[in-house]
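Worksheet: one structure, shown below.
Just so you know, these numbers use all the heavy atoms, side chains as well, and skip hydrogens, waters and symmetry mates.
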Amino acid sequence: MFQARQLLVATIALAGSGCIVANPSPAPDPLSVQVRVTLCADNPACTTPARVHTGTLIYLEADTLLMYAEDRLGRLPIAVAHIAKLEVGRGRKPSAEGAMKGAGIGALLGTLAGAAAGVAGVAAFGGFAGIDAGEIVARSAVEGAVGGAVTGAAIGAGVGTPVWREVGVKQLREELCHCRIPELVAEL
């Protein structure tokens, strides 16, 4: 009885995955892999990409990639033969571009908030020390824009921009299981 249990456990362990045997590191959860797929419509040998989809990888097989596409808000099966370019998200990096976008958005929101605060102040208290109501609103809008731009730039720089790395389908399959897949090595 004891030997039968050991044999069953060994069989399950060997049948489970060659990746685990090759490398004891656990494979990443495919639901955490961000992908950007550039497709060629109806022609796998195209030179002009037809469509780009960004989303989360669900699974990847030799002939099919299934992803949750953000633009469609649903599952999108893609034939590997129709992929012109496959990129994997490698996180985000602080950048001047992110800071500039954040500053722009922050300035816009700050201007609106400052102007609203100026209008509310004039409505509640009237003019202040002989300053025109329009000037109060304008000063509040400028102060809001400056404060919003500074805050937005700091947030934008911290959030950064996404980093994408181009990979092949075979390379991505190996990365997902942290191992060399023999049939893929022969195909390379």
Side-chain angles (χ1 to χ4, degrees), residues 19 23 25-41 44 46-61 64-121 134-179:
C19 295
N23 186 348
S25 301
D29 180 9
L31 296 178
S32 65
V33 176
Q34 295 297 307
V35 292
R36 183 164 60 184
V37 180
T38 305
L39 298 177
C40 291
C46 75
T47 56
T48 306
R51 181 93 184 185
V52 177
H53 295 284
T54 304
T56 306
L57 179 67
I58 296 174
Y59 73 80
L60 176 63
E61 292 181 347
T64 306
L65 179 143
L66 180 64
M67 66 185 286
Y68 179 84
E70 294 168 358
D71 60 338
R72 293 179 174 226
L73 296 177
R75 293 174 176 232
L76 176 64
I78 298 172
V80 169
H82 293 275
I83 296 176
K85 184 177 180 183
L86 176 61
E87 298 170 286
V88 176
R90 296 296 187 204
R92 302 179 86 73
K93 70 176 180 176
S95 68
E97 179 185 349
M100 295 299 286
K101 285 181 182 178
I105 293 169
L108 176 65
L109 295 176
T111 301
L112 295 174
V119 168
E135 190 176 336
I136 292 173
V137 172
R139 283 184 184 180
S140 295
V142 169
E143 290 173 1
V146 170
V150 170
T151 304
I155 293 171
V159 169
T161 56
V163 176
W164 295 98
R165 185 176 67 113
E166 188 172 353
V167 296
V169 173
K170 296 171 190 170
Q171 182 182 0
L172 180 57
R173 285 180 61 203
E174 284 188 350
E175 281 184 24
L176 289 173
C177 72
H178 291 287
C179 68

Partners passing side chain to side chain contact (heavy atoms under 4.5 Å, CB included) against [X] (at least two apart in sequence or in another chain):
{"X": "Val159", "result": "Arg92, Ile155"}
{"X": "Glu143", "result": "none"}
{"X": "Ala115", "result": "Val137, Ala141"}
{"X": "Val163", "result": "Arg90, Lys93"}

- Lys85 pairs by side-chain contact (heavy atoms from CB on, under 4.5 Å) with which of Val52, Thr38, Val37?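 Result: among Val52, Thr38, Val37, Thr38 is the only option passing the side-chain contact (heavy atoms from CB on, under 4.5 Å) with Lys85.
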- So among Leu65, Val80, Ile78, which one has a side-chain contact (heavy atoms from CB on, under 4.5 Å) with Leu86?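 Answer to the side-chain contact (heavy atoms from CB on, under 4.5 Å) test with Leu86 among Leu65, Val80, Ile78: Leu65.
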- Closest non-hydrogen atom pair between Trp164 and Thr54, with its separation: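 Closest heavy-atom pair between Trp164 and Thr54: CH2-CG2, 3.8 Å.
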- Might you point out which heavy atoms bring Gly118 and Ser140 nearest each other, and give the distance in Å?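 Answer, listing the atom of Gly118 first, then Ser140: CA-OG, 3.5 Å.
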In residues 96-104, what donor-acceptor pairs under 3.5 Å come from side-chain atoms, sequence neighbours left out?
unit_1, atom_1, unit_2, atom_2, d
Glu97, OE2, Lys101, NZ, 3.3

- Residues in side-chain hydrogen bond (donor to acceptor under 3.5 Å, both in side chains) with Arg75, at least two apart?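 Partners of Arg75 under the side-chain hydrogen bond (donor to acceptor under 3.5 Å, both in side chains) test: none.
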- Query: Got Arg51 and Asp71 here, is their nearest side-chain heavy-atom distance under 4.5 Å?
  - Reply: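 In contact.
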- Query: Are side-chain heavy atoms of Arg72 and Met67 found at a separation under 4.5 Å?
  - Reply: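 The answer is no, as the side chains (C-beta and beyond) never meet within the 4.5 Å cut-off.
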- Message: Set out, in order, the CA-CA distance, both residues' side-chain angles and the distance that settles side chain to side chain contact (heavy atoms under 4.5 Å, CB included) for Val35 and Thr56, then state yes or no.
- Response: CA-CA 6 Å; Val35 292; Thr56 306; over 6 Å; no
- side-chain hydrogen bond (donor to acceptor under 3.5 Å, both in side chains): pairs with one or both residues in residues 105-121, sequence neighbours excluded: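 Output for this query is empty, none listed.
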- Query: Got a sec, which pairs hit salt bridge (Lys or Arg N to Asp or Glu O under 4.0 Å) with one end in residues 154-166, sequence neighbours left out?
  - Reply: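 Every pair satisfying salt bridge (Lys or Arg N to Asp or Glu O under 4.0 Å) with a residue in residues 154-166: Arg165-Glu175.
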- Counterpart residues, salt bridge (charged side-chain N to carboxylate O under 4.0 Å, His left out), relative to Arg139 (two or more places apart):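 With sequence neighbours excluded, Arg139 shows a salt bridge (charged side-chain N to carboxylate O under 4.0 Å, His left out) to Glu135, given in chain and number order.
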